[in-house]
*Asks:* 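Below are the structure tokens for one structure; questions will follow.
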Number of protein chains: 2
Amino acid sequence: MDISEVRHRIVATADELYNAKGIQSVGMDELRTAAGVSLKKLYQEFPSKSSIVMAVLERRHESWTDGLDAAVRQASGPRAKLLAIFDYLAGWFCQDSFRGCGFINSFAELGAVSPEVAEYARKHKESFQEYVAGLAGDAGAPPYLAPQLSILAEGAQTTAAIAGSPEAAGQARQAAEVLIQAALGRVASTVPAAVVQ
Amino acid sequence: MDISEVRHRIVATADELYNAKGIQSVGMDELRTAAGVSLKKLYQEFPSKSSIVMAVLERRHESWTDGLDAAVRQASGPRAKLLAIFDYLAGWFCQDSFRGCGFINSFAELGAVSPEVAEYARKHKESFQEYVAGLAGDAGAPPYLAPQLSILAEGAQTTAAIAGSPEAAGQARQAAEVLIQAALGRVASTVPAAVVQ
DNA sequence: CGAAGTAGAGAACGATCGTTCTCTCTCTGT
DNA sequence: ACAGAGAGAGAACGATCGTTCTCTACTTCG
């Protein structure tokens, strides 16, 4: 379909621009030019800017989910799968285009003024937490581990974004190793309780 | 001085409004009305909106630093001081006005378009990390502990903001206990290496 | 009492935003 | 070949932004 190809190009371009400059800083005209679409076609595909924003958030959610899941599936063993989250973050942070989590950013920019955006960001984070909880459950971890790892992942994202360096991923990963070890050590009962580093 | 009283009221009002609605969503006229100052006086005190934004960031930095330091000083013992960070977060998250870290938010909103804001946010986070490193050093912890705790604190802030609930503070605190125990366990050599929970 | 300087209120300005409209041109069907 | 529908380019519109200007009224000093 031609129509959905145009839609896709608009959303992909908006994603790039919104990520690079923030949502409110990118006007419809700039988006129109960058996507190479006429203003008429743009408003033919989307009724308003806010609908484009929501489409971008959906795209980001899929991209995040797919990328994370691919990284996790590639890892073998439940502990490795939990740590794969942080390897995925490390790869992301090293991209030139990385400017922080798009949901945190859009929530910061529009969450107070747009209930849709706030709600979508909340659901995205919730789905991530549930995903981590699933992995932690597979590893036989007690329920408190998953929120701890989720918080580490969130912190790594904002730290890396503001510092402009990817090292937070490795630091979060090391912390995750300790937390996983502490939470699972009991279960893997014969192993000595904790080995630092 | 009358002058600095007006300045203070402008900055305090701007801080509230920017926190509640985002920086770009609050116009100079709204700020003028809320602060009860004439537009002339406003521009007499500050040459531009961006200078108000920077003044707000300075105010936030002081407020954060003072509040955190007070909470930490109140705790006794190096481990308790490290954990006091998360108790301070818990208190903050429970305030109605809490809408996430003002530096993360302003970075997300303006970081890409305003180098001043991006740089100030970076320095603020850097100073927090150094502060944590100082506390961790006092506790005799190895150098990797401080970044881990800083990342936890960052993650708790964004998680609590987006979820709209303060529970992330407690979860981060529990994780911090585990990380501190793991990092210091060796040093407090006679104590069993790790005790979960 | 009267003149002059100051401060407040808000109108005004240029820029830019999201959105719509107009005008022109190009295809297509008969 | 020609009428008509559709698309592209961008002008136009109303709203709002940050910022400046104007006008009025009050205070203060000779």
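Below, read A as the first sequence line, B as the second, and so on, with proteins coming before strands; counting in each chain starts at 1.
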*Asks:* Counting side-chain heavy atoms from CB outward, which of C/dG8, D/dG8, C/dT19 is closest to A/Lys41?
*Replies:* D/dG8
*Asks:* Among D/dA7, D/dG18, C/dG8, which is the nearest nucleotide to the side chain of B/Ser38?
*Replies:* C/dG8
*Asks:* Would you mind reading off the distance between B/Asp29 atom CG and C/dA12 atom P, rounded to a whole angstrom?
*Replies:* 15 Å
*Asks:* Should A/Arg173 and A/Asp87 count as an ion pair when the cut-off is N to O under 4.0 Å?
*Replies:* yes
*Asks:* Considering heavy-atom distances to DNA chain C, does A/Gly27 or B/Arg32 have its closest nucleotide positioned more toward the 5' end?
*Replies:* B/Arg32
*Asks:* Given atom CD of A/Gln44 and atom P of C/dT20, what is their separation to the nearest angstrom?
*Replies:* 13 Å
*Asks:* Are the charged groups of B/Lys41 and B/Glu45 less than 4.0 angstrom apart, N to O?
*Replies:* no
*Asks:* Please report, rounded to the nearest Å, how far the C1' atom of D/dC17 is from the CG atom of B/Leu31.
*Replies:* 14 Å
*Asks:* State whether A/Arg122 and A/Glu119 are salt-bridged, where the test is any N-O pair (Lys NZ or Arg NE/NH1/NH2 against Asp/Glu carboxylate O) under 4.0 Å.
*Replies:* yes
*Asks:* Taking only the side-chain heavy atoms of A/Lys49 (C-beta and beyond), determine which of D/dG18, C/dA11, C/dG18 contains the nearest atom.
*Replies:* C/dG18
*Asks:* B/Gln24 CD to C/dG18 P: how many Å, rounded?
*Replies:* 11 Å
*Asks:* CD of B/Glu45 versus P of C/dA7: gap in Å, rounded?
*Replies:* 11 Å
*Asks:* Between P on D/dC17 and CD on B/Glu30, what's the gap in Å once rounded to a whole number?
*Replies:* 8 Å
*Asks:* Among D/dG18, C/dA11, C/dT19, which nucleotide sits nearest the side chain of B/Tyr43?
*Replies:* D/dG18
*Asks:* Could you give the CG-to-C1' distance, from B/Leu39 to D/dT20, as a whole number of Å?
*Replies:* 9 Å
*Asks:* With a 4.5 Å heavy-atom cut-off, do B/Glu154 and B/Ile104 have their side chains touching?
*Replies:* yes
*Asks:* Given the side-chain rings of A/Phe128 and A/Trp64, with only the six-membered ring counted for Trp, is the space between their centroids under 6.0 Å?
*Replies:* yes
*Asks:* What integer distance in Å separates B/Leu17:CG from D/dC17:P?
*Replies:* 13 Å
*Asks:* Let me know, please, whether B/Ser48 or B/Lys40 comes out on the 5' side of the other along DNA chain D by nearest nucleotide.
*Replies:* B/Ser48
